[in-house]
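Data block below; observations after.
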Amino acid sequence: MLDPKRLRNDLQGCATQLARRGYQLETETIESLEEQRKQLQVTTQELQAERNTQSKAIGQAKAKGEDAAPILEAVADLGDRLKAAETQLQEVQQQLDAILLGIPNIPQPDVPDGRDEDDNVEIRRWGEPRQLDFEPKDHVDLGEQIGGLDFDTAAKLTGSRFAVMSGGIARLHRALIQFMLDLHTTEHGYTETYVPYIVNAESLRGTGQLPKFEEDLFKLHHEQDFYLIPTAEVPVTNIVRDVIIEDETMPRKYVAHTPCFRSEAGSYGKDTRGMIRQHQFEKVELVQVVRPGDSLAAHEELTGHAEAVLQRLELPYRVVDLCTGDIGFSASRTYDLEVWLPGQGKYREISSCSNFEDFQARRLRARWRNPGTNKPELVHTLNGSGLAVGRTLVAILENYQDAGGRVAIPAALQPYMGGLQRLE
RNA sequence: GGAGAGGUGGCUGAGUGGUCGAAAGCGGCGGUCUUGAAAACCGUUGACCGGCGACGGUCCGGGGGUUCGAAUCCCUCCCUCUCCGCCA
């Protein structure tokens, strides 16, 4: 959520900033609602003040044993008038809130302008795609040859966009998770965290998935509004919801491995082959909660932590600065990490590292007590995949294949595979 | 699943219709004293909204209701704890 004060004081400025990302702010509607809100709030508060003083007077009169009847008569209709004003105020406030919750974050000034992913800007590359003297297979064919990657069985068990893994591939998948968690906890200073895979609506509102993106989520049949998490970002970031964090425990750095569940509504026909786009996938997620002044540096640092995984695995990748038209709803800036996939002959997203500044924190009421002023201030939140495990598995299969369709195990993973050097 | 007890400020905990945003203690902050520290003593100490400000308003788990007036009464939901049953 944007700062309502900023929106009020600089509506046109906000509209201009938001237009960069293709969002049209309904300035007239907001202005008119805001005006109504102000009036109604003043009226309501005046009536409340009157009720308070009169009620106090009644209390005092009764305490002294005086007759309170005249005052009671004077305030007879006050309750009704107050209720009417409160109801109107509430209605206007709700309309205003609904609009406010639907406004995306303002991009940072140096985010490149653009309409869609074609306007994203590559900022660096790491590693060279291997020169192959044979026609590379994609991970589906490799999986079939090695055995242990089975989409047909998954379709029988559930439906499309699921996978069954077994044997060496299943182990490699698990090894990746262990490797990533170990790297981030022992070398990057993150605290390993285990969280629920089911969250309530309030948590999803806090990180920005609700109310706007409900169709992307799996909702449970349950008395309460429960959803499967689309990313660990939701439960992990919500750890600090409604919390005032003491300075000594800042910054907070969490790493969590969870499955992620996405309905992929609206992506029919996209990435239908293989395990690039699944309804269920594993991810190791990095989340940082930092002091408001520190988020730009933290964003670079966190992106570097995600890159370190690819570097250890010796997978060629590039870093892309998402343009204003492509960054997510809650983000002020996002770097995507794209890994080289020989089976597709292109770079594909494997991690997305975002700075949300105070956008999520405001929804979460996540604050930090500034030792300088001793006052609570909104924190800044960030997160990034470190990494998407399924896609990392795909990248290893495709980048480490040989002419015979066998797959070497990256050196960094061999300790996690009992010393095994290749899948065949 | 059955029975019961609770949810109050950073923490413990009092308050069961009227100057209660809320006693007291702890903790925090400032001060006196001290070479310094401790102890003792004194003072101070919640968040949010509107307003340049004076100030006004809201908040005692969430929501709704009764009342001139609710932390206190009623309804409902959520959460925690204890006992029994079941269970990875």
| What integer distance in Å separates A/Gln93:CD from B/C48:P? | 17 Å
| Under 3.5 Å on both distances, the Watson-Crick or G-U partner of B/C20 | none
| said: So A/Leu78, base contact, sugar-phosphate only, or nothing? Heavy-atom distance under 4.0 Å. | reply: nothing
| query | For the pair made of CG in A/Leu72 and P in B/G18, what is the distance, rounded to whole Å? | reply | 15 Å
| said: Donor-acceptor pair, distance only, cut-off 3.5 Å: does the side chain of A/Ser330 make one with the backbone of A/Thr207? | reply: yes
| Considering only heavy atoms and no angle criterion, is a donor-acceptor pair shorter than 3.5 Å present between the side chain of A/Lys56 and the base of B/G18? | no
| Protein-nucleotide distance (A/Asp242, atom CG; B/C59, atom P), rounded to Å | 17 Å
| query | Atom CG of A/Asp80 and atom P of B/C68: how far apart are they, to the nearest Å? | reply | 9 Å
| said: Under 4.0 Å, heavy atoms only, any strand: does A/Arg51 hit a base, just the sugar-phosphate, or nothing? | reply: sugar-phosphate
| query | Is there a donor-acceptor contact under 3.5 Å linking the side chains of A/Gln36 and A/Gln95? | reply | no
| In whole angstrom, what separates A/Leu40's CG from B/U58's P? | 16 Å
| query | Hey, are the side chains of A/Pro259 and A/Tyr197 touching, using non-hydrogen atoms and a 4.5 Å cut-off? | reply | yes
| said: I need the CD1-C1' distance between A/Ile58 and B/G18, as an integer number of Å. | reply: 9 Å
| Is there a donor in the side chain of A/Thr44 and an acceptor in the side chain of A/Glu86, or the other way round, less than 3.5 Å apart? | no
| request: Starting from P on B/G46, measure out to CZ on A/Arg369 and report it in whole angstrom. | output: 10 Å
| query | Which part of the nucleic acid, if any, lies within contact of A/Gln48, taking any heavy atom under 4.0 Å across all strands shown: a base, the sugar-phosphate backbone alone, or nothing? | reply | sugar-phosphate
